[in-house]
Structure formats: structure tokens, C-alpha cells
Enquirer: 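Below: one structure in C-alpha cells.
Just so you know, ligand 1 is whichever comes first in the structure, and atom 1 is the first atom listed for that ligand.
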Amino acid sequence: MQSAIAAQSGLPMSDVDPFSLEYIMDPFAAHEQLRNLGSVVWLNKYNVWFLTRYEEVHAVLSNPKTFCSSKGLGLTNYYFEKPWRAPSLLLEADPPEHTKRRQVMGRVLSPANIRKLREGFEQEARALIDRLMEKEIVNGAKDLSEAYILKVFPDAIGVSPEGRENMLKYGLMVFNAFGIHNKIFEDSVKDAEPVISWIMSCCERDRLSKNGMGELVYQAADAGELPQDEALMLVRSFLSAGVDTTITAITNILYAFTQFPGEWQKLRANPALARQAVEEGLRYETPWHHFCRTSTEETTIAGAPIAAKQKIMLSIGSANRDPRKWDNPDVFDINRIAHGQLAFGTNIHGCVGQMLSRLEKEVLFTELAKRIESIELAGEPTRVVHNTMRIRSNLPLKLKFAAKA
Ligand code: OVV
């Protein structure tokens, strides 16, 4: 029994439950407690090791051979259990299968391709900000983050405008499944069928626009770089990975600015800080807060015995606030160079779309900084009870607009 081995190891054990309502509402106190307990902590409730310090989280992500992805990123262990959907060919795959697909996606998402999107993003951000001026209170989650991303991201992929709200429902299923199959997950997959069908049909070549990134994946298959039947599933990866993550990041960064108004003034004074502000925001309140790897062989982490085929849970959110790595980690400081923050992961599975994600956010926060004098919280934010993401569904904001230049 793994729990007996854990007990014998003399390493710390904890009753903290990362899927409890208390933790979901506010994990930061638990993170601190767990980081201080040790490099690895056994979670009694789930019988897994939980890593909350930067060094160990980074080390596991950097060793994809021993800590693989193909057995799933949630606690569901594909060595023994069936995945809820056909696994991702990218995220839930290991070398050698992963390698070629990743290369193709990397090329589709190349800096040259992404650069071409900047002007369109700028126009959309400006138009959106104009529309927000009519509102007394702006919901930062819906009116700003969702409205912007559901426009620019599916446009970039080449998805048709109708029905995009399905992407939000799909995202909830996908990212809840990276936790555990509890009631939170079950609720998110309640009327899943029409949503899944909509998503899959969007991935078909004849439904995608001719000038989007989805089509480029099919062209790679035409060129023989991928098996034809992989293209559809790789387009699904765009739609799974690119929506909730960026929406949540933007909402969380807006929230961070409300908590640190001086940082907004710094950005106002110098909108060119937007890019590093975004990086710091990803560190400060990491959207995708935790997920797993699975051991492929017997090994150890910081002295903890790990049997083969075991789940190891990683707290990215905690690593990004580990005082062993960061000075004043609980301070959102846009002058910080948050290089090395792990919100995009690292190593072979480091987010392949991270340059696109950064561009979306950089453009939005640059345009906001040019137009908005101050951002204040205008009410209590509403948290989405979610297994792995720190999401708010309502972030009431009072925005003070500057006169239009
Ligand atoms: C990084 C990520 C998140 C969610 C889904 C996927 C990838 C996917 O490939 O389906």
C-alpha cells in the first residue's frame, strides 16, 4: 500500500483537500502550510504526493520521461482507468508520439504567424473598450475577458462566430477533469453531449475558415507531416487549451490590479510594461492551479519513495508563490521580471500557444492602460467552484475612463 510506504518514510502527511470548497475559495494559506511542511507532502485523502515548492514542481515538469503525461493530468490514472474523453494527442501524450505533433503545432503557432495577429487584436481591444464606456459597472470576467477572448481566439483559429459560448462549457469539463471525478466534474459534464458535438464539428476542415490556424494544421497533414486523422484532434487541442486559460488569466490580472492600485498607475504611466505585468499576473494568481504527472518507473522525489504508475500532484499556483524562489511572492509587482513563472508549464509540454496567449493579453492591457485611469472593485467577485482553475464568473469593476486621445 502506498499510504503505508508514505507513513514509513517519515515524510509529512496532510489532511488538506485541494478539491474542498474551502481550498477552492482560498488555497493560499494551505499552500504556505504545505510548503512549510516539506518538499513533498502526502495527501491522506487522495493517497498521492503533493508538490507545492517551486524547485520540486520544476524538477518533475523537467523530467517527462519519469513523470509522464500520457496517463492523464487528473487523478484518473490511464494505466488503470478509462479517460472521460479521447485523450489529447498533445497534452496527454509522451515522446515519441508527442514530438512530431508538438513540432507541427509549434510551427503553426510560430512568432511570424502570431505577429500577423497583433493589429486585429488591437482593433478588437479598442472596440471592446469603447463599448465598455456605456456601462456603469463592468463585469471584468464576462464583459471584458470573455468578450475579448471569445472574439479574437476562435477568429485566429478559424472557428465560425455562432455558438462560441459552447467553448466555455467545454472548457469547464476539460479543466475540471484535470482534477478528480467528483461532483464538481459531474456537474460540468451534465449536458455534455451537444457541447462536445459542437466542439468536434468545429474542428472539421470544411467548417474552419481558410485563413485560420486550424487550416494550417490540416495543411501540415496534407504535406505528410502528420497522419491525416490527427489533424482534427490537434485542432481540438486549440479549442480545449486556449479559451478558459486566457480568459481566466485576464480576469485574474484585472483582479490583481484592483488589489494593487499603485501597479495600475505604473502601467498607466508606461503601457510598455504590459508584457511584464502579464507575466507577473500569471505568477501572482496562476489560472490553471494544479494538475498531475504519472510516474513511469520507481523513483524518488526529495527522498520520497515513488512507486511506478503513481500520480504526483503539482501545485503550479503554489510554486509561483514560493518564497524560496520569489521575493515578496504575495505582492503583485509589475516591475518584477517574473521570468521562470510556471503558469505555462515548462519543458516538452510547456504551453505551445504561450506566445499567442501573451500577445492577446499584452495587447488588451496596453489598450486598457491607454484608456483607463483607474480600476476599482465595485462589489464582491463570484468564484466558480472548479477543480483546477482559479476562475471568477463575476468581477464587478468600476473603470474610470480617460478622455479619448
Ligand atoms: C494545455 C491543454 C489544456 C487543455 C487541453 C489540452 C491542452 C488539449 O490538448 O486538449
Enquirer: Considering Thr388, Leu91, Leu73, which one's heavy-atom position lies nearest to atom 6 (C) of ligand 1?
Expert: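 The residue whose heavy atom sits nearest atom 6 (C) of ligand 1 is Leu91.
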Enquirer: Could you list the atoms of ligand 1 found under 4.0 angstrom from a heavy atom of Ser237?
Expert: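 It comes down to these atoms of ligand 1: 8 (C), 9 (O), 10 (O).
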Enquirer: Check whether the side chains of Tyr78 and Glu92 place a donor and an acceptor atom closer than 3.5 Å, and report yes or no.
Expert: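 Yes, a side-chain donor-acceptor pair sits under 3.5 Å.
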Enquirer: Please list, in number order, the atoms of ligand 1 under 4.0 Å from a heavy atom of Ser88.
Expert: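 Answer, ordered by atom number: 8 (C), 9 (O), 10 (O).
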Enquirer: Short list, please: which atoms of ligand 1 are under 4.0 Å from a heavy atom of Phe178?
Expert: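 Under 4.0 Å from Phe178, ligand 1 has these atoms: 4 (C).
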Enquirer: Can you confirm if the aromatic rings of Tyr170 and Trp198 lie within a centre distance of less than 6.0 Å?
Expert: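 No, they do not, as the ring centres are separated by 6.0 Å or more.
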Enquirer: Please list the nearest protein heavy atom to atom 5 (C) of ligand 1 with its residue and the distance rounded to 0.1 Å.
Expert: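 Here the closest protein heavy atom is Ser240 CB, 3.4 Å.
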Enquirer: What part of Arg85 sits under 4.0 Å from ligand 1 if we count only heavy atoms: the side chain, the backbone, both or neither?
Expert: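 Within the 4.0 Å criterion, Arg85 contacts ligand 1 through side-chain atoms alone.
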Enquirer: Answer yes or no on whether Arg392 is positioned over the face of Tyr255, meaning its NZ or CZ is under 6.0 Å from the six-membered ring centre and within 45° of the axis.
Expert: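 Pair Arg392/Tyr255 counts as cation-pi.
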Enquirer: Among Pro87, Ala86, Ala241, which residue places a heavy atom closest to atom 2 (C) of ligand 1?
Expert: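 Closest candidate by heavy-atom distance is Ala241.
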Enquirer: Would you check if the side chain of Arg164 reaches a backbone N or O of Lys151 as a donor-acceptor pair within less than 3.5 Å?
Expert: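 Answer holds: yes.
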Enquirer: Return the set of residues passing side-chain contact (heavy atoms from CB on, under 4.5 Å) with Lys169 (not counting sequence neighbours), or none when no residue passes.
Expert: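 So Lys169 forms a side-chain contact (heavy atoms from CB on, under 4.5 Å) with Val195.
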Enquirer: Would you say the side chains of Ser145 and Thr251 form a donor-acceptor pair under 3.5 Å?
Expert: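 Thr251 and Ser145 do have a side-chain donor-acceptor pair below 3.5 Å.
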